[in-house]
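A quick note: this is a predicted structure, and the numbers were derived from the prediction, not measured.
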Amino acid sequence: MISAGYLRECIQVYGSVRKSAVDSSFRRLGIEKLSIGDIQRLEWDALESKIRRWIRAAKVCVRILFASEKKLCEQIFDGIETAAVDEACFVETVKGPAVQLFNFAEAVSISRRSPEKMFKILDLHDALVDLMPDIESVFDAKSADSIRVQAAEILSRLAEAARGILSEFENAVLREPSKIPVPGGTIHPLTRYVMNYISLISDYKQTLIELIMSKPSTGSRYSGDPTTPDMEFAELESKPPLALHLIWIIVILQFNLDGKSKLYKDVSLAHLFMMNNVHYIVQKVKGSMELREMIGDDYLRKLTGKFRQSATNYQRATWVGVLYCLRDEGLHVSGSFSSGVSKSALRERFKSFNGMFEEVHRTQATWLIPDTQLREELRISISEHLIPAYRSFLGRFRSHIESGRHPENYIKYSVEDLESAVLDFFEGCPVSQHSRKRSQ
């Protein structure tokens, strides 16, 4: 046809046949014809599935379908003196599917931002980065400029979306408004969500280190803003901006948790809540090599110190008053012809200890430390303070009570009873249930 002078007709026939073939192959890849509005109205679960499908389909489209179509055009129209016939035919043949393909990614890039979209947007970004050399090679013709430009702009918007989502996530963590204390002072759902989220962020470290180029907008100790925590970067200057953002997220999470701890009426439970949550943060950082590398051991040591301080604060708030009952002061009567011990004061001291310990035992058995090792460590620490003090007090004063009437009303606990009772602490259920468990 070409040699007979029917170049235009040949181009029309070729375009008609090949366009139909390309469209058919494109449809088989499962890319639906959706408008930008359609895509933005999709529920996230449905859109997430379509993004996964798009990534697979885009690789096939660019590297196989479009690339082989370009090669076919070049072979058929090779040697034609009319300039760029093959290029024009190729672009005309694949332009519809190419525009439809990239419109999907464009719609995602400009859709409403929310934290759950971060990782699929990064997947989309990485897939497009990987495809860009192929896109530039396949669509190198002047007539395909718009396709190349669209792909580059989508890539830029996806990067901007990821930066925007990270900033919005930080603000959401800081402002998370829940005002109902979690029962038993256990790990708050916000803590689990945030730490799982930043663990996933660390999995995308290579991409995000390139995309996150500025430090987080933080509070300063000079700002006087009580709604934002302080954070100075002087000792963290060597870290990349992404690492500073992750540390900042942990700082604002702790700031929010500290506010939530004040919802507890019992100050001991508030300290236990902070201990549980900061310990969980530490364990999540330790459990991810990528996250630990970015956070750094210096900051990890600070976090470890914080949960240990919370544990110390809990013990002081709970046990100083209980142990105060086991002091000698106020029990000895000077100048007495008796043993020198005031039995009435001693009886009151045992009654005070019994009442306080019973209340702590009853209450704190329902509190929860979900980490087995941390729970055991705190019980051991309690026993190391409580048991020797009680054993010594009992050894010094038991005879004074047992020589009087109804000693069982005052000495309610043996040392073994206390050791056993401490095992009930922080299990998250009432004492009666613990007793049944031990008897089974």
Side-chain angles (χ1 to χ4, degrees), residues 18-70 90-140 144-166 168-169 197 200-201 203-208 210-211:
R18 293 309 304 162
K19 207 168 189 179
S20 175
V22 169
D23 287 349
S24 176
S25 298
F26 187 73
R27 283 194 300 273
R28 282 200 296 273
L29 290 170
I31 299 176
E32 303 168 59
K33 194 164 188 174
L34 298 169
S35 70
I36 289 177
D38 291 334
I39 292 164
Q40 293 188 338
R41 282 190 292 271
L42 285 172
E43 291 293 326
W44 174 241
D45 287 348
L47 184 55
E48 192 175 17
S49 172
K50 290 183 189 300
I51 290 173
R52 282 196 297 269
R53 191 182 305 150
W54 185 93
I55 290 170
R56 291 193 299 269
K59 292 175 182 177
V60 175
C61 279
V62 174
R63 290 175 175 161
I64 299 174
L65 182 61
F66 297 160
S68 60
E69 191 61 34
K70 182 178 182 182
F90 165 66
V91 172
E92 188 60 34
T93 301
V94 304
K95 190 170 185 178
V99 167
Q100 187 177 330
L101 180 73
F102 292 120
N103 275 354
F104 175 87
E106 183 172 4
V108 174
S109 74
I110 61 176
S111 63
R112 187 180 62 83
R113 294 170 184 174
S114 56
E116 72 272 11
K117 293 182 179 179
M118 169 72 93
F119 305 108
K120 278 300 157 203
I121 280 177
L122 291 174
D123 286 343
L124 206 53
H125 176 275
D126 288 351
L128 205 49
V129 166
D130 187 43
L131 281 173
M132 280 307 289
D134 299 282
I135 292 169
E136 288 170 358
S137 172
V138 170
F139 297 102
D140 59 349
D145 279 354
S146 63
I147 295 173
R148 288 198 312 278
V149 168
Q150 185 184 17
E153 287 177 347
I154 292 166
L155 199 55
S156 176
R157 277 196 289 266
L158 287 169
E160 187 55 42
R163 287 189 283 268
I165 288 172
L166 183 61
E168 289 178 22
F169 177 72
Y197 195 89
L200 282 171
I201 285 178
D203 291 341
Y204 287 83
K205 180 180 79 169
Q206 294 308 117
T207 299
L208 285 168
E210 295 177 10
L211 300 185

Problem set entry | E160 CD: over 12 foreign heavy atoms closer than 6.0 Å | yes
Problem set entry | Atom pair NZ/OG of K95 and S146 - distance to nearest 0.5 Å | 4.5 Å
Exercise. Nearest 0.5 Å, what's the CD-CG distance between Q206 and L211?
Worked result: 11.5 Å
Problem set entry | Side chain S24, main chain S20, donor-acceptor under 3.5 Å | no
Would you mind writing out the side-chain donor-acceptor pairs for residues 124-132 within the sub-3.5 Å range, not counting sequence neighbours?
| unit_1 | atom_1 | unit_2 | atom_2 | d |
| --- | --- | --- | --- | --- |
| D126 | OD1 | T207 | OG1 | 2.8 |
| D126 | OD2 | T207 | OG1 | 2.9 |
| D130 | OD2 | R63 | NH2 | 2.9 |

Problem set entry | Non-hydrogen atoms of F26 and P97 that approach each other most closely | CZ-O, 3.4 Å
Exercise. By side-chain hydrogen bond (donor to acceptor under 3.5 Å, both in side chains), which residues pair with K120, not counting sequence neighbours?
Worked result: D123
Exercise. Would I110 and Q40 count as a side chain to side chain contact (heavy atoms under 4.5 Å, CB included) if you check the C-alpha gap in whole Å, the side-chain angles of each, and the deciding distance to 0.1 Å?
Worked result: CA-CA 9 Å; I110 61 176; Q40 293 188 338; 3.4 Å; yes
For this session: May I have the step-by-step check of side chain to side chain contact (heavy atoms under 4.5 Å, CB included) for F119 and I201, ending in yes or no?
Result: CA-CA 8 Å; F119 305 108; I201 285 178; 3.9 Å; yes
Exercise. Nearest 0.5 Å, what's the CD-OH distance between E210 and Y204?
Worked result: 15.0 Å
Problem set entry | Approximate separation, where rounding is to 0.5 Å, of R157 CZ and S111 OG | 11.5 Å
Run the side-chain donor-acceptor check on residues 47-62: report pairs under 3.5 Å with partners two or more places apart or on a different chain.
| unit_1 | atom_1 | unit_2 | atom_2 | d |
| --- | --- | --- | --- | --- |
| K50 | NZ | E32 | OE2 | 2.3 |
| W54 | NE1 | L101 | O | 2.7 |

Problem set entry | Any donor-acceptor N/O pair, R113 side chain to E168 backbone, under 3.5 Å | no
For this session: Using the test salt bridge (charged side-chain N to carboxylate O under 4.0 Å, His left out), find all partners of E116 that sit at least two apart in sequence or belong to another chain.
Result: none
Problem set entry | Ring centre gap for F139 and F66 strictly below 6.0 Å | yes
Problem set entry | salt_bridge(R148, E136) N-O dist < 4.0 Å | no
Exercise. Side chain of S109, backbone of E106: donor and acceptor closer than 3.5 Å?
Worked result: yes
Exercise. Just wondering, are more than 12 heavy atoms of other shown residues or ligands nearer than 6.0 Å to NZ in K205?
Worked result: yes
Problem set entry | CA sep, side-chain torsions, deciding dist, call: V138, I147, side chain to side chain contact (heavy atoms under 4.5 Å, CB included) | CA-CA 10 Å; V138 170; I147 295 173; over 6 Å; no
Exercise. Does S25 have any side-chain contact (heavy atoms from CB on, under 4.5 Å) partners at least two apart in sequence or in another chain, and if so, which?
Worked result: R28, L65
For this session: Using side-chain hydrogen bond (donor to acceptor under 3.5 Å, both in side chains) as the criterion, list what pairs up with E92, not counting sequence neighbours.
Result: none
Problem set entry | Interatomic distance, E69 atom CD to F90 atom CZ [nearest 0.5 angstrom] | 7.5 Å
For this session: For the pair R27 and I31, evaluate side chain to side chain contact (heavy atoms under 4.5 Å, CB included) and give the outcome as yes or no after the intermediate values.
Result: CA-CA 6 Å; R27 283 194 300 273; I31 299 176; over 6 Å; no
Problem set entry | From L155 atom CG to I135 atom CD1, the distance as rounded to the nearest 0.5 Å | 8.5 Å
